[in-house]
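Keep in mind it's a predicted model, so treat the numbers as computed, not measured. Ligands are counted one by one from 1 in listed order, and the atoms in each one are counted from 1 as well.
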Amino acid sequence: MFRILHTEKVAPEVDKIIVDAPFVSRHARAGNFVVLRIDEKGERIPLTIADSDTDNGTITLLFQKIGKTTWKLGTLRTGDSIRDIAGPLGHATPVKRYGHCVLVGGGIGAATLFPILKALREKRNRVTVILGARTEELIVWKDRFSEVANRVLLTTDDGSAGRKGLVTEALQDVIENDPVKIVLAVGPIRMMQAVAEVTRPYNLKTLVSLNPVMVEGTGMCGACRVNIAGKTKFACIEGPEFDAHEVDFDELALRLGFYREEEAESMKSFKKKCKGKCRTAEVKGSRGQGVK
Ligand code: NAD
């Protein structure tokens, strides 16, 4: 059992929890994730480790309440427990001294970049962070990013904060004006695909963290297969980060949609069970497909 030590709402339908998980915390590296199961019968879901504190033995997880499991996770409070947390899983981000690095985060996906930012800064890289969201209140951890990054650029679809437009427009400007050595992007699939198209003509090394459906996270079930340069890879053990220019994003989007009907049915029966007392978890206007 893993005890929840703190819960907090960070944006509409986005929650943060701090969990007592000393082993995971001690071994976590930037880019790792965990697979958790709320209770014995629960679905397994992957969540990227957004922060870890080795002194206190804790990990921080951020999640968007977009389906039954993430909604249930959002009902847990300080003192409650999560049945299983397996991790840290996946390869860590390759962190070395690159020079000027750009991190691009879309919506909730941005939180995943925080440990990567810290690790890159520890290696004395100069890091520009681009955070994009539909509207200002959906920008995640702007202050925390600002404390560590050399520069933070904001974009919103509606112009309520920073530049009005998409993260890719800001990225294009940065690349044109300040030579970049590496780009790392996390967010909706179509955003990561668009980032890959911006950097491709510059032959600029670009990594994306993929979020396919995962079950056990150890390479046995094959649910998280992704097509990288025409070859099948398992995101859980060979990723989750891959060269953006080699990813088949269309196939990834298709596979993520496979269980949409079952997911909707599961949410419907869950809502029925709580007899209208639970809040709905739909995120209006979201282009999102997954929870990781
Ligand atoms: P969203 O659809 O509101 O998009 C957030 C921002 O991304 C937009 O404001 C825009 O700047 C950019 N963007 C989106 N689509 C784009 C496109 N086609 N071209 C260029 N830029 C684009 O995002 P959301 O509703 O907050 O959803 C967050 C998404 O992040 C979910 O899909 C979730 O699965 C994903 N996510 C991924 C990971 C991961 O590991 N890859 C981790 C956490 C979350």
Side-chain angles (χ1 to χ4, degrees), residues 10-16 30-35 45-50 60-67 69-70 89-91 93 103-116 129-142 153-173 183-199 206-214 217 224 226 235-236 239-242 244 247 249-250 252-253 255-257 260 263 281-292:
V10 295
E13 303 301 350
V14 178
D15 283 6
K16 164 181 140 179
N32 287 153
F33 65 93
V34 294
V35 169
I45 58 161
L47 289 175
T48 305
I49 301 166
T60 300
L61 303 171
L62 265 76
F63 56 94
Q64 194 171 33
K65 292 183 279 183
I66 208 160
T69 301
T70 42
L89 299 170
H91 285 288
T93 307
L103 304 183
V104 188
I108 170 79
T112 306
L113 291 167
F114 190 66
I116 301 174
V129 177
I130 302 172
L131 301 177
R134 275 167 275 138
T135 190
E136 183 172 20
E137 61 176 349
L138 295 174
I139 295 174
V140 172
W141 280 4
K142 181 182 74 178
L153 304 173
L154 304 180
T155 71
T156 46
D157 298 9
D158 65 2
S160 52
R163 172 187 185 141
K164 185 175 190 312
L166 302 174
V167 284
T168 37
E169 295 160 35
L171 175 63
Q172 180 85 50
D173 277 1
V183 172
L184 290 107
V186 184
I189 291 174
R190 295 305 177 193
M191 181 212 97
M192 296 189 283
Q193 183 172 23
V195 165
E197 291 320 310
V198 169
T199 61
T206 305
L207 296 177
V208 284
S209 178
L210 302 185
N211 58 336
V213 171
M214 278 187 199
C224 66
V226 287
C236 64
E241 288 166 8
F242 293 98
V247 176
F249 288 100
D250 291 339
L252 178 61
R255 285 183 63 83
L256 263 175
R260 202 156 281 154
E263 282 164 9
E282 285 111 21
V283 183
K284 286 199 180 76
S286 174
R287 309 179 189 88
Q289 304 93 340
V291 291
K292 179 168 163 278

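Nearest-heavy-atom check against atom 13 (N) of ligand 1 across M191, R190, E13 picks out M191.
At a 4.0 Å heavy-atom cut-off, ligand 1 touches D157 through the side chain alone. Proximity of V167 to ligand 1, defined as any heavy-atom pair under 4.0 Å, is shared by backbone and side chain alike.
For ligand 1, the polar-atom distance check finds no N/O of L166 at less than 3.5 Å from any of the ligand's N/O atoms. Inclusion of A133 in the set of residues having an N or O under 3.5 Å from an N or O of ligand 1 is warranted. Looking at N211 next to ligand 1, an N or O pair under 3.5 Å apart turns up. The N/O atoms of T112, backbone and side chain alike, include none that comes under 3.5 Å of an N/O atom in ligand 1.
Listed by number with element, the atoms of ligand 1 under 4.0 Å from a non-hydrogen atom of G107 are 5 (C), 26 (O). The ligand atoms of ligand 1 that sit less than 4.0 angstrom from a heavy atom of A194 are 19 (N), 20 (C). In summary, the atoms of ligand 1 found under 4.0 Å from a heavy atom of V186, numbered by their order in the structure, are 38 (C), 39 (C), 40 (O), 41 (N), 42 (C). In summary, the atoms of ligand 1 found under 4.0 Å from a heavy atom of G132, numbered by their order in the structure, are 5 (C), 6 (C), 9 (O).
A salt bridge links R190 and D250; the closest N-O separation between the charged side-chain nitrogens and carboxylate oxygens is under 4.0 Å.
Between the side chain of T206 and the backbone N or O of A196, no donor-acceptor pair lies under 3.5 Å. Remark: side-chain polar atoms of T93 are paired, donor with acceptor, to backbone N or O of A30 under 3.5 angstrom. The main-chain N or O of F63 is never found under 3.5 Å from a side-chain atom of T70 such that the two would form a donor-acceptor pair.
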Given L171 and T199, is the side-chain contact (heavy atoms from CB on, under 4.5 Å) satisfied, shown in steps? CA-CA 9 Å; L171 175 63; T199 61; 4.1 Å; yes
Go through it in stages, so that I can follow the logic: the residues are L256 and N211, the test is side-chain contact (heavy atoms from CB on, under 4.5 Å), and I'd like the CA-CA distance, side-chain angles, deciding distance and then a yes or no. CA-CA 9 Å; L256 263 175; N211 58 336; 4.1 Å; yes
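Side-chain contact check for F114 versus T60: every heavy-atom pair is 4.5 Å or farther apart. The side-chain heavy atoms of R163 and D173, taken from C-beta on, include a pair separated by under 4.5 Å.
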